[in-house]
Amino acid sequence: MRFYIDDLPVIFPYDYVYPEQYRYMCGLKKSLDSKGHCMLEMPSGTGKTVSLLSLIIAYQQFYPGRRKLVYCSRTVPEIDKALEELKRLIAYRREHGCEDKDFLGLGLTSRRNLCIHDRVRKERKGKVVDAKCREMTSSWVRRKAQEEPEIELCGFFEKMAEVDPADLLPSGVYTMDDLMDYGRDAGYCPYYLSRRVIPLADVIIYSYHYMLDPKVAELVSKEFSRDSIIVFDEAHNIDSTCIESLSIDLTNYTLRNSSVSVQKLAERVTEIKQQDSQRLQDEYQRLVEGLRDASLMREEDAVLTNPTLPDDVLTEAVPGNIRRAEHFVMFLKRFVEYLKARMRVMHVVAETTPSFLQHVREITYIERKPLRFCAERLASLIRTLELTDLEEFSSLAKVAEFATLCATYDTGFMVLFEPFESDQSTVPNPVLHLACLDAAIAIRPVFQRFHTVIITSGTLSPMDMYPRMLEFTPAVQESFTMTLARQCFAPLVVTRGSDQVTISSKFEVRNDPAVVRNFGNLLIEMSKSVPDGIVAFFPSYLYMESIVSMWNEIGVLRDVWKHKLIFVETPDAAETSVALQNYRTACDNGRGAILLSVARGKVSEGIDFDHNYGRAGHHYTESRILKARLEYLRETHQIRENDFLTFDAIRHASQCVGRVLRGKTDYGLMVLADKRYSRADKRSKMPRWIQECMTETSLNLSTDMAVGLTRKFLKLMAKPFDTKAQLGISMWSNEHIVQHGGRADIPMEIGEN
Amino acid sequence: MAKEVEDEDYIDIDDTGPEGLKGADGGYAWEEEYKRSWDVIQEDESGSLQSAVQGIQEQLKRKRRLRDTTAIQRGIIRHVILVIDGSENMGTRDMRPTRIAATLQILESFVNEYFDQNPISQLAIISTKDGLAEKLTDLSGNPLDHVNALRDKSNKDLAGEPSLQNALELAMHTLRRAPTHGSREIVCIFGSLTTCDPGDIKQTQAALKHAEVRVSMVQLAAEVQVFKRICQETNGLFAVADDEIHLKDMLFECIPPPPVVSAKATSDMIQMGFPIRASNAQVPTPCVCHHELSFSGYICPRCRSKVCSLPTDCDVCGLPLVSAPHLARSYHHLFPEENYREIDVEVHSGAEHSGAGLVCFGCEGEVKGAAARYQCPRCRKEFCLECDVFIHETLHNCPGCV
């Protein structure tokens, strides 16, 4: 269908548009016009991606300037899904007479997903693939290969290197598979192909990290023009991603590896010194001149800034005591040894970065300034020494980055040392965390660099939290609800068991036998009355383990087994995916299954449970890092601890229950088993679309009442449902858009049908 | 069937006789969601609720009345296997007294109605419990056998989980012997939300589809993906019953023969015998079916053996024996009586029938002024609602046209 938003003709690849999609596009258009950032919340399963793409592509093609679209998504399957959607859209646009000349859309992902080299692609680990690829493609290896022909090079890469980027890829939309097929046919390396054509592409779809992780962003996202449109889809966890991208954990293993690497560096330096001392001398000269190039670039506003490379570092020369290679190696050695010494402490230490640096200086006489240059200097040395196996040096790079970040930021970071994995364990497993507390640090360059950054997800409520945490001012900030022809999901808040004992996963009461038993009974009752699949979310792995073992003792599991099979999510990704696969099979063949999983785990993020039903139990986690972050938030953003905790918990809960519903004809049940959800202040933090479905009757239920409502709801939902009934209410054709004050191309529609 | 009608949720008020305290989901009324039933009912001008209540009843009747009347090819020789869930879940008390008791009771009337409407068809019953499937009766055309099997007390012994796959495999095995000219159907009643299968049910589904067996199911609890999928794949009906009445309605939708979709169904000739009634016998002779002495019976026109009831297959020569009325009764499915048009009282009551109500052509009773009346599109005779329902459900012939 085709309609207008203001004067912009939008071609939408379906016959009907949901009202909320239309409104969503209006909001999007407004923020694109004003060149401001925006935040849009729309329930999952209402076609966010397609609305986003159709509007932005229409905008891109209609107005001059062709603003590039950079679409960041979370996982590889999601990226592929978005690409499929884009492909469909472009094909549809073509059918409807839009030429979209030279349109190029593609996704970017790791070598592991894209490699077509016979030998390398057999490797399973991403890092190994990267290393093997670099062995054949890095510039010095190739230079060397010209002299020594026995060195193996990648044929795909070599063939592509000779071609001009503009001729590499004909216009069109390429999914991952398309790209690989094309690579195979043409004999080009799909990975480098995609990287090379990025400047030419109109739409690029890739993972968050390519934008937020400073190391990766440096390589791929640096050169996007200022008026590019940046979209973060499924962005409810964007602050965690930001924080993760700047947080570093060091373990004994990392440090051991670093020592080995330092040793190797030293050997290599001596070797090079004997063979080719000029090379080291050149590097020295370069370092004296400082990082002038980078500083020039930044002044010209040509690139995305890198938070690990603060401004003042650029203007200064690299300090003298680490300019020489052998000095720097010694320097690193000392620092690593210092860290090793720190690891031997047997109690928890939490300190600010200045106090950590102070301690470093007292013990090792290492000043702050050289530490700041550490990461940059190491990268330079590795380049000079022409080392290919970067995997080998990843631990050391981590340590160097740790040093740089510590020395650069006085606030926003926290150094935390934990000798034991948990409070109960006695075997030391020390971890030194450099915890980033301020999500804004990683994302600030993005907001500064680009005019329009769009943050969108199914669950962004409460919406005022994100602008405060990420330090930006949205031009448009809206939450859209789902219009439904029938009430197709039912949130139930269960607050007590059949015996009227209050249930809650609050820390103080959650191991109480009565509470555990009541949770168990709820699960049994639900497994009796809900068909197919149930997903149960727990607040943490630890709590899940303890409660499952308690259930086993009191025989809850045995009762559940009669009705459904039980699968458990574990922190191990491979195990979980097997469990997930079997879970799906069990649902498919009618045996029915329960998946016990963790609210922050893999399942709650990005895996859809259409036609299955979710149940969520929830509570607030406490960890030391979280505590530190809370304090920080309070001090700098005036966000109260409790507010943040509630926000975090509710956001995870909404995300979990949001998994249930994927589309308007689907239906699902959400059981929130915690007393706290019946309180109005907690409830008001839920996304509007969930809130609207919470009626008085579905609050403060006991288990038996919930079961009664469940049965009734399921019977109601099983009634045949005609899609025509949605028309005009939850689905609009062109006429309806006109009715609601929009403009649409009705004659064209009729002409075509 | 009248799909569009059953989509409308008819008004479910809780004053339906002695079961008034019971809500739709089987719990007590006070366990249920708060419902303002009085808002649904509107008083008429005189402040009486009579007309509102009448309206609701008429609505219910009309719902069953409207049917698809286009003449399509339907297989009037049917082979239906009933599958009853005998698992523990059937013991749930959301139907009174239990799901299984309510189901068996409704099935009894189903069996009778089935043979009444499809006299030359056959039926078998399978029950599944503890992961196994067991045949209660074999394919036969005698309603008494099936009703007796249903009345068997042991049906109410519930155990374990049902196995849909085993039940379907057994049903398919039973149907394998059925002649190709008849339709093959499986009608399941399930209260359980799971099925405990030995193998991959998808293969069974494919086999069913290949054998052109139509699977319909009435679920008593909720929609289960796999059940629904099998029904859809095999062109059957899938429904979830709200309560006993709804269960009966849904089940009875399986009584009219389904349209023939099979490519195999050829309009070949089928041999059938029309036996003569042996009436004036001097001495009682044994019948071949039960070996009991009796005076009356029917003589097979081919082998001259005596059977005691019709319709049946001759036990000696295997010839299907029917009587002409049986065949005629099956016939109405092929040429169903057209739905009568509802006449708008306002328009009509002007000139022709001013004042006095109309006299129904069927019962010759007077149709009250406000009540709706119905007109046969062919003979243009008018009928009251009761006669309309009677004509379409029982008589299958319009008295006016005849």
Side-chain angles (χ1 to χ4, degrees), chain A residues 485-486 490 492 498 525-534 559-565 584-594 609-613 666-669 695-698 701-702 704-725, chain B residues 1 3-4 6-9 12 23-35 87-89 92 94 160-165 190-205 218-230 237-243 246 250:
Chain A
R486 61 170 187 174
L492 304 176
S498 298
E525 290 301 324
M526 281 295 152
S527 71
K528 269 186 200 162
S529 40
V530 175
D532 297 334
I534 295 180
D559 281 352
V560 174
W561 262 317
K562 274 189 210 154
H563 305 281
K564 306 222 180 280
L565 304 181
R584 294 235 157 114
T585 318
C587 291
D588 274 348
N589 65 22
R591 184 67 190 87
I594 291 184
F609 291 98
D610 34 358
H611 304 111
N612 300 331
Y613 311 94
D666 198 0
Y667 63 86
L669 196 73
T695 52
E696 279 301 311
T697 42
S698 65
L701 300 169
S702 65
D704 43 347
M705 286 156 84
V707 169
L709 283 175
T710 303
R711 287 204 179 129
K712 201 171 154 194
F713 172 76
L714 290 172
K715 278 188 177 170
L716 196 69
M717 283 301 115
K719 291 273 179 302
F721 182 60
D722 194 1
T723 38
K724 283 202 188 90
Chain B
M1 290 316 104
K3 263 269 148 52
E4 67 278 8
E6 93 202 30
D7 284 358
E8 298 171 8
D9 43 338
D12 183 18
D25 67 329
Y28 287 101
W30 55 83
E31 288 176 346
E32 264 195 69
E33 204 179 328
Y34 176 62
K35 199 161 42 181
S87 71
E88 277 171 2
N89 294 294
T92 313
D94 59 353
E161 298 291 318
S163 167
L164 183 65
Q165 192 190 16
F190 259 61
S192 172
L193 293 170
T194 66
T195 152
C196 207
D197 296 331
D200 186 4
I201 197 154
K202 284 189 188 125
Q203 283 168 10
T204 312
Q205 181 186 329
V218 183
Q219 240 292 339
L220 304 183
E223 180 183 295
V224 181
Q225 196 70 32
V226 66
F227 297 166
K228 191 173 181 185
R229 199 177 57 223
I230 290 176
L237 304 168
F238 179 86
V240 176
D242 292 333
D243 49 21
H246 194 227
M250 291 296 108

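Sequence lines set the chain letters: A, B, ... in the order given, protein chains first and strands last, and positions in each chain run from 1.
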Value rounded to 0.5 Å, distance of OG in A:Ser527 from CG in B:Leu193: 9.5 Å
Looking at A:Asn589 and B:Thr195, what are the two nearest heavy atoms and their distance? O-CG2, 3.9 Å
Go through the atoms of B:Ser192 and report whether side chain, backbone, both or neither lie under 4.5 Å from a heavy atom of chain A. neither
Should A:His563 and B:Asn89 count as side-chain neighbours, where that means a heavy-atom distance under 4.5 Å? yes
If one checks every heavy atom of A:Thr585 against chain B at 4.5 Å, the contacting part turns out to be neither
Please report the shortest heavy-atom distance between A:Lys715 and B:Ala241, naming the atom on each side. CE-O, 3.3 Å
Part of B:Ile230 within contact of chain A (heavy atom distance under 4.5 Å): neither
Can you list the steps and then say if A:Arg711 with B:Thr92 is a side-chain contact (heavy atoms from CB on, under 4.5 Å)? CA-CA 12 Å; A:Arg711 287 204 179 129; B:Thr92 313; 4.1 Å; yes
What's the shortest heavy-atom distance between A:Lys562 and B:Glu161, and which atoms? O-OE2, 3.1 Å
Please identify, among B:Val224, B:Val240, B:Ile201, B:Leu220, the residue contributing the most non-hydrogen atom pairs under 4.5 Å to chain A. B:Val224
